[in-house]
Amino acid sequence: MGPLEVLCGIVALIFTLYYYFTSTFDFWKSRGIHGPRPIPLFGNIKDVMLTRKAMSNYLLEIYKKYKDESLIGIFARRTPILIVKDPNFIKDILIKDFSNFPNRGLPIYEKAEPLSQHLFSLEAKRWRPLRTKLSPVFTSGKLKEMFPLILECSEHLERYVEKLASRNEHIECRELTAKYTTDVIGSCAFGIETNSLSDVDSEFRIMGREVFARKWYNLIRFRIREAAPWLYVILGYILPLTRVTKFFTRILMENIDYREKNNIVRHDFVDTLRELKRHPDKIDIELTDNIIASQAFVFFVAGFETSSTTMSHALYELAQNHKIQDRLREEINHMYAKNGDTLTYDNIKEMDYLDKVFKETLRKYPPVTFLMRKSISNYTFDGTKINIPKGQTIWIPAYAIQRDPDIYPDPDFFQPDRFNEEIMKTRNAMFYLPFGDGPRNCIGARFAVYQTKVGLIKILRNYIVDICDKTQIPYINDPKAFLLAPKDGIYLRITKINRA
């Protein structure tokens with residue numbers, strides 16, 4: 001083969017690749033939907049893919065740039081993504097026309113990631129019956145039964161904070177709160193004392209860190225999964241199971257077997273999974289050990305990480321806003337003075353200002369910064385001629401919506417009174433989505449609320465939280481994190497209150 005033929009072959013290959021990576025780029029233009037111009041290979045998310053920018057920041061920029069658009073079209077590489085801003089359209093997707101959008105569109109890899117078969121990712125056919133079976137674990141009645149366990153873990157947190165505060169050093173609050181929520185989840189969901197607060201080598205805490213570790217091998221797996229899912233499927237038959245997969249599968253199955261042999265009943269999450277395993281005929285899907293283990297895995301991961309993140313973000317804001325911190329502490333002290341030196345399930349519900357602080361924290365720092373849905377049929381948006389095809393991926397930019405100054409004036413300021421009942425009535429419910437909405441909202445929302453609030457009460461009752469020389473101000477979103485997280489941690493100073 002001569003040089004000319006080689007050159008022609010190279011040119012043909014370049015044109016073929018160029019066509020492949022750009023052939024979808026007229027998708028939004030042909031539908032009359034505006035959006036930024038994509039580039040080959042990256043689409044519109046080059047800076048996100050290169051970890052120069054967090055996805056939350058990118059979507060906020062796009063949201064502001066196309067301020068007057070109700071729908072925005074972007075591309076993730078060559079895949080068209082529809083960003084939905086209009087609250088009526090959001091309500092249609094999440095609630096009214098949920099039957100058209102029951103899936104999140106997240107891939108499931110039974111070999112490469114056996115624990116990906118959980119409620120958050122499962123398609124509607126398997127999600128619906130599992131959700132029905134698992135929902136009773138999260139009722140208010142069940143939560144009331146679990147409350148003493150949450151309280152016991154919070155008392156361990158108190159003692160641990162006292163030890164840290166006595167050293168008079170800055171404290172990394174994300175690690176502190178993650179240890180507490182890990183212990184709560186271990187106790188309430190698994191019936192296991194994980195001892196994350198007292199044991200630096202706690203296996204549960206080590207595995208929790210491993211799930212969200214920003215290590216090179218996790219990033220490589222994530223990029224392969226995104227760019228070449230077919231290759232990732234093949235690798236699933238070659239690569240060994242991860243430490244996390246082995247750990248959670250072993251822990252759950254050993255726990256179930258131990259309870260079976262010793263006739264132990266706790267009426268907790270593991271017992272619910274145990275019943276599913278014992279009576280697979282009562283649910284209309286094939287139940288494998290991996291599917292059962294996946295539900296325990298997602299309850300642990302979502303339960304400890306999102307709540308610990310919210311706790312640390314609340315402390316971060318309170319450290320910078322002492323008037324708000326003092327007002328909240330006054331409410332906490334009043335509650336204790338009224339009820340004695342105890343904390344009950346009903347006490348938490350009575351604390352109005354704590355609830356406002358909690359909601360404002362999630363307004364400013366939603367752990368999941370955008371909601372995902374995927375259409376299962378062609379769909380035309382109500383009152384428009386805009387049609388999307390079956391299989392269309394949709395993103396609802398919760399982080400950007402909750403930082404829109406037209407909805408939340410001065411959005412960068414921490415103002416719990418935004419959640420006064422009168423003000424909330426003036427806002428569309430679709431403008432506040434930290435737990436999602438509709439049938440596929442967060443199943444463990446109520447549990448997250450209580451473990452977060454109890455932890456905050458225990459810290460703020462006896463300690464003043466303040467910034468220190470290592471506190472990152474302003475807050476910088478970590479572009480490598482899967483959930484919303486600060487780039488360099490949350491370092492604060494915690495000082496015991498002298499009541500003498």
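Below 30°, between 30° and 60°, or above 60°: for Tyr475 and Tyr316 the angle between ring planes is above 60°, a perpendicular geometry. Between Tyr345 and Phe147, the angle of the ring planes goes over 60°, which puts this pair in the perpendicular group of the 30/60° scheme.
Applying the salt bridge (Lys or Arg N to Asp or Glu O under 4.0 Å) test to Asp289 and every residue at least two apart in sequence or in another chain returns Lys277. Remark: His118 pairs with no residue by the side chain to side chain donor-acceptor pair (under 3.5 Å) rule, at least two apart or across chains. The side-chain contact (heavy atoms from CB on, under 4.5 Å) check on Asn263 picks up nothing, with sequence neighbours excluded. Shown here are the side chain to side chain donor-acceptor pair (under 3.5 Å) partners of Arg104, two or more places apart in sequence or in another chain: there are none. Considering only residues two or more places apart in sequence or on other chains, Arg278 meets the salt bridge (Lys or Arg N to Asp or Glu O under 4.0 Å) condition with Glu260, Glu275. A search for side chain to side chain donor-acceptor pair (under 3.5 Å) contacts involving Tyr379 returns Asp97, not counting sequence neighbours. Asp92 is linked by a side chain to side chain donor-acceptor pair (under 3.5 Å) to nothing, counting only residues two or more places apart in sequence or in another chain. Under the side-chain contact (heavy atoms from CB on, under 4.5 Å) criterion, Thr309 pairs with Arg174, Glu305, His313, not counting sequence neighbours. In this structure, Arg446 has no salt bridge (Lys or Arg N to Asp or Glu O under 4.0 Å) partners at least two apart in sequence or on a different chain.
Judged by the 6.0 Å distance and 45° axis criteria, Arg427 is not positioned over the aromatic ring of Tyr432. With Phe101 as the aromatic partner, Lys374 does not meet the cation-pi criteria of under 6.0 angstrom to the ring centre and within 45 degrees of the ring axis. A cation-pi arrangement is absent between Arg250 and Phe248 under the rule of less than 6.0 angstrom and at most 45 degrees off the ring axis.
Gln392 and Ser375 share no side-chain donor-acceptor pair at under 3.5 Å.
Closest approach of Asn387 and Arg31 over heavy atoms only: O-NE, 3.3 Å. When all heavy atoms of Arg126 and Gln117 are compared, the pair lying nearest together is NH1-OE1, 3.6 Å. Closest approach of Arg205 to Glu175, counting heavy atoms only: NH2-OE1, 2.8 Å. The nearest pair of heavy atoms linking Pro479 to Arg52 is CB-C, 4.1 Å. Smallest separation of non-hydrogen atoms from Ser121 and Ile108: O-CD1, 3.8 Å. The nearest pair of heavy atoms linking Ile376 to Ser99 is CD1-O, 3.2 Å.
The closest side-chain heavy-atom distance from Phe370 to Ser56 is not below 4.5 Å. You'll find the side chain of Ile150 reaches within 4.5 Å of the side chain of Tyr180, heavy atoms only.
Remark: the backbone N or O of Asp183 is not paired with any side-chain donor or acceptor of Ser187 at under 3.5 angstrom. With hydrogens and angles ignored, the 3.5 Å screen pairs a side-chain donor or acceptor of Ser294 with a backbone N or O of Pro114. For Gln402 (side chain) and Arg363 (main-chain N/O), a donor-acceptor pair under 3.5 Å exists by modelled atom type. Remark: side-chain polar atoms of Ser116 are paired, donor with acceptor, to backbone N or O of Tyr109 under 3.5 angstrom. Under a 3.5 Å cut-off, the side chain of Asn262 and the backbone N or O of Ile264 do not form any donor-acceptor pair. Panel note: side chain Asp271, backbone Val265; no donor-acceptor pair is recorded below 3.5 Å. When atom types are taken as modelled, the side chain of Thr272 and the backbone of Asp268 share a donor-acceptor pair closer than 3.5 angstrom. A donor-acceptor contact shorter than 3.5 Å is absent between the side chain of Asn103 and the backbone of Gly105. With hydrogens and angles disregarded, a donor-acceptor distance shorter than 3.5 Å links the side chain of Thr242 to the backbone of Thr245.
Within a 6.0 Å sphere centred on CD of Glu286, other residues, nucleotides and ligands contribute 12 heavy atoms or fewer.
The six-membered or imidazole ring of Tyr365 lies away from that of Tyr399, with a centre-to-centre distance of 6.0 Å or more. In this structure, the ring of Phe190 has its center no less than 6.0 angstrom from the ring center of Phe299.
Residue Ile39 holds its CD1 atom at 12.0 Å from OG1 of Thr22, rounded to the nearest 0.5 Å. Atoms CG and OG1, on Leu130 and Thr132 in that order, are 8.5 Å from each other to the nearest 0.5 Å.
For residues 29-52, no pair satisfies ring-ring contact (aromatic ring centres under 6.0 Å, His included), with sequence neighbours left out.
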Pair up each side-chain donor or acceptor in residues 77-87 with any protein partner under 3.5 Å, not counting sequence neighbours, and list the distances.
{"unit_1": "Arg77", "atom_1": "NH2", "unit_2": "Glu226", "atom_2": "OE1", "d": "3.4"}
{"unit_1": "Arg78", "atom_1": "NE", "unit_2": "Tyr20", "atom_2": "O", "d": "2.7"}
{"unit_1": "Arg78", "atom_1": "NH2", "unit_2": "Tyr20", "atom_2": "O", "d": "3.2"}
{"unit_1": "Arg78", "atom_1": "NH2", "unit_2": "Ser23", "atom_2": "OG", "d": "2.9"}
{"unit_1": "Lys85", "atom_1": "NZ", "unit_2": "Tyr63", "atom_2": "O", "d": "3.3"}
{"unit_1": "Lys85", "atom_1": "NZ", "unit_2": "Tyr66", "atom_2": "O", "d": "2.7"}
{"unit_1": "Lys85", "atom_1": "NZ", "unit_2": "Lys67", "atom_2": "O", "d": "3.0"}
{"unit_1": "Lys85", "atom_1": "NZ", "unit_2": "Glu69", "atom_2": "O", "d": "3.3"}
{"unit_1": "Asp86", "atom_1": "OD1", "unit_2": "Asn88", "atom_2": "N", "d": "2.8"}
{"unit_1": "Asp86", "atom_1": "OD1", "unit_2": "Phe89", "atom_2": "N", "d": "3.1"}

Report, one line per pair, each donor and acceptor closer than 3.5 Å where one atom sits in a side chain of residues 435-444; sequence neighbours left out.
{"unit_1": "Arg440", "atom_1": "NH1", "unit_2": "Pro102", "atom_2": "O", "d": "2.7"}
{"unit_1": "Arg440", "atom_1": "NH1", "unit_2": "Leu122", "atom_2": "O", "d": "3.0"}
{"unit_1": "Arg440", "atom_1": "NH2", "unit_2": "Leu119", "atom_2": "O", "d": "2.8"}
{"unit_1": "Arg440", "atom_1": "NH2", "unit_2": "Leu122", "atom_2": "O", "d": "2.5"}
{"unit_1": "Asn441", "atom_1": "OD1", "unit_2": "Arg131", "atom_2": "NH2", "d": "2.7"}

After noting the C-alpha distance and the side-chain angles of Trp395 and Tyr58, does the key distance pass the ring-ring contact (aromatic ring centres under 6.0 Å, His included) rule?
CA-CA 13 Å; Trp395 290 356; Tyr58 171 72; 8.4 Å; no
Test log, rule salt bridge (Lys or Arg N to Asp or Glu O under 4.0 Å), inputs Lys359 and Asp355
CA-CA 6 Å; Lys359 287 175 178 173; Asp355 189 59; 3.0 Å; yes
